[in-house]
2 protein chains.
Amino acid sequence: MESRIDRIKKQLHGASYKLTPQREATVRVLLENEEDHLSAEDVYLLVKEKAPEIGLATVYRTLELLTELKIVDKINFGDGVSRYDLRQEGAAHFHHHLVCIECGAVDEIQEDLLEDVEAVVEKRWNFQIKDHRLTFHGICWRCTEKHAEEKNKENVNNPNNNEDF
Amino acid sequence: MESRIDRIKKQLHGASYKLTPQREATVRVLLENEEDHLSAEDVYLLVKEKAPEIGLATVYRTLELLTELKIVDKINFGDGVSRYDLRQEGAAHFHHHLVCIECGAVDEIQEDLLEDVEAVVEKRWNFQIKDHRLTFHGICWRCTEKHAEEKNKENVNNPNNNEDF
DNA sequence: TGTTTAATGATAATTAATATCAAATGATAA
DNA sequence: TTATCATTTGATATTAATTATCATTAAACA
């Protein structure tokens with residue numbers, strides 16, 4: 001974790017920015033919540049817990065800066081807020097997302113999976129791909145399991161209700 | 001075109017909505033600008049040319065309705081506005097986009113291309129895919145050509161400047 | 001230490017989108 | 001046809017996310 005911060009510090013310096021205490025606090029929040037997909041407001045509230053004097057504008061500015069430097073990616077799942085997602089260190093491309101339309105959970109796919117598709121697009125459409133956004137909308141494994149359980153319970157109550165026949 | 005409107009009318013009726021003059025004017029604008037990726041404001045201005053009495057709220061409401069019925073897809077390219085894109089008739093999934101980071105052009109890919117990837121995701125992540133969003137960011141063929149031309153011109157002016165050696 | 005530049009915090013301004021509500025429209029049944 | 005009811009609309013107010021402004025503070029520097 002500390003080394004990760006150090007490397008981010010170096011990236012900032014490389015672009016002649018400083019890792020101020022406010023920026024560091026923001027980066028730490030992102031690192032501590034790597035699984036989540038926080039909005040600027042979310043980040044602000046979490047940073048405020050550790051550094052109450054920080055302003056919302058600074059959080060926005062920091063997130064914008066980190067996005068420029070490709071340390072985080074800004075993504076929008078269609079709910080009207082931008083969310084910020086740490087990029088895997090050394091990842092050439094942004095990872096993919098699974099958004100559950102029932103429970104709203106967002107899971108990540110770190111595997112590339114798009115190599116073949118990108119080769120086709122580069123050649124057939126003569127398009128030089130620099131980055132991508134891929135999101136699947138559907139039903140997550142947790143909701144699928146829950147449905148199965150509910151069906152089980154139903155069948156215990158009504159043993160004749162067997163949809164298989 | 002007329003038949004396309006008729007089919008949309010039937011889709012609306014099927015969900016017990018009417019194709020009011022305002023809704024029809026909005027749909028016509030979308031059909032006449034199928035290549036573009038209009039924002040709600042864009043649609044509003046175009047509809048206003050034909051039906052000046054229409055209100056912005058009605059346009060928003062119509063676009064929301066068409067999105068619900070999967071006649072259009074709402075998409076966000078990260079510039080802070082939602083854009084609305086007619087779905088191909090009978091298309092199971094939303095088509096893909098190529099966004100040029102130089103000139104801002106947005107091109108469409110109607111081919112699916114994701115069949116294999118989706119099969120993997122459904123199985124490995126146990127996720128039931130209902131829809132997707134795939135956007136590539138990079139340099140379009142027009143900008144690539146333009147660069148090549150500029151390089152040519154440069155070499156004519158400085159015949160010794162041959163970067164190949 | 002004084003000076004210049006970068007960064008911050010508070011807050012105003014902007015803007016996309018939604019909510020509200022009275023009026024208009026359209027369908028329905030007496 | 002006319003009274004009635006639900007749907008839709010247009011104008012406008014409201015909300016909420018993001019950006020802009022600007023005086024103040026912190027940091028780098030010479």
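Since the model is a prediction, treat every value here as computed from it, not as a measurement. Convention: sequence-line order gives letters A, B, ...; per-chain numbering from 1. The basis for the numbers below is simple: all heavy atoms, side chains too, and nothing from hydrogens, waters or symmetry mates.
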- Pairs involving residues 63-75 of chain A, ordered by first then second residue, that meet side chain to side chain donor-acceptor pair (under 3.5 Å) (sequence neighbours left out): Asp73(A)-Arg87(A)
- Item | Partner set under salt bridge (Lys or Arg N to Asp or Glu O under 4.0 Å) for Glu24(A), not counting sequence neighbours | Arg28(A)
- Query: Looking at residues 6-13 of chain B, who's got a heavy atom less than 4.0 Å off DNA chain D?
  - Reply: none
- Please report, rounded to the nearest Å, how far the C1' atom of dT18(D) is from the CG atom of Asp79(B). 13 Å
- Over how many whole Å does the gap from Glu24(B) atom CD to dT8(D) atom P extend? 15 Å
- Item | Any side-chain heavy-atom pair of Leu113(B) and Val121(A) under 4.5 Å | yes
- Task: Rounded to the nearest angstrom, tell me the gap between atom CD in Glu64(B) and atom P in dT9(D).
- Result: 13 Å
- Message: For a 4.5 angstrom cut-off between non-hydrogen side-chain atoms, does Glu41(B) reach Val81(B)?
- Response: no
- Message: Please evaluate residues Ile71(B) and Leu86(B) with respect to the criterion side-chain contact (heavy atoms from CB on, under 4.5 Å), reporting the C-alpha separation (whole Å), side-chain torsions for both, the decisive distance (0.1 Å), and the verdict.
- Response: CA-CA 6 Å; Ile71(B) 294 165; Leu86(B) 266 177; 4.1 Å; yes
- Task: Sugar-phosphate means primed atoms, P, OP1 and OP2; the rest is base. With that split, encode nucleotides 6-16 of chain C 5' to 3' as B, S or - using protein heavy atoms under 4.0 Å.
- Result: SSBBBB----S
- Task: Return the value, rounded to whole Å, for the distance between atom CG of Leu65(B) and atom P of dA17(C).
- Result: 17 Å
- Task: For Arg83(B), check side-chain hydrogen bond (donor to acceptor under 3.5 Å, both in side chains) against everything at least two apart and list the hits.
- Result: Asp79(B)
- Gln22(B) meets the side-chain hydrogen bond (donor to acceptor under 3.5 Å, both in side chains) criterion, sequence neighbours left out, with none
- Message: I need the full list of salt bridge (charged side-chain N to carboxylate O under 4.0 Å, His left out) pairs touching residues 6-20 of chain B, with sequence neighbours left out, sorted by first then second residue.
- Response: Arg7(B)-Glu89(B)
- Message: Could you tell me how far apart Asn76(B) (CG) and dT18(D) (P) are, to the nearest whole angstrom?
- Response: 10 Å
- Where along residues 32-40 of chain A does a heavy atom come under 4.0 Å from DNA chain C, residue by residue in number order? none
Distance-only donor-acceptor hits, side chain of residues 50-58 of chain B, under 3.5 Å, sequence neighbours excluded:
residue	atom	partner	partner atom	Å
Lys50(B)	NZ	Glu32(B)	OE1	3.2
Lys50(B)	NZ	Glu32(B)	OE2	3.0
Thr58(B)	OG1	Arg61(B)	NH2	3.3

- Message: Counting Watson-Crick and G-U wobble pairs with both distances under 3.5 Å, what is the dot-bracket string for DNA chain D, 5' to 3', using [ ] for crossing pairs and | for pairs to another strand?
- Response: ||||||||||||||||||||||||||||||
- Pair listing, ring pair (Phe, Tyr, Trp, His ring centres under 6.0 Å) test, anchored in residues 37-58 of chain B, at least two apart: His37(B)-Phe77(B), His37(B)-His97(B)
- Task: Using the six-membered ring wherever Trp is involved, compare the ring planes of His132(A) and His96(A) and label them parallel, tilted or perpendicular (cut-offs 30° and 60°).
- Result: tilted
- Message: Do Val43(A) and Thr62(A) make a side-chain contact, defined as non-hydrogen atoms from C-beta onward lying under 4.5 Å apart?
- Response: no
- Query: Can you name the residues that form a side-chain hydrogen bond (donor to acceptor under 3.5 Å, both in side chains) with Gln128(A), not counting sequence neighbours?
  - Reply: Thr144(B)
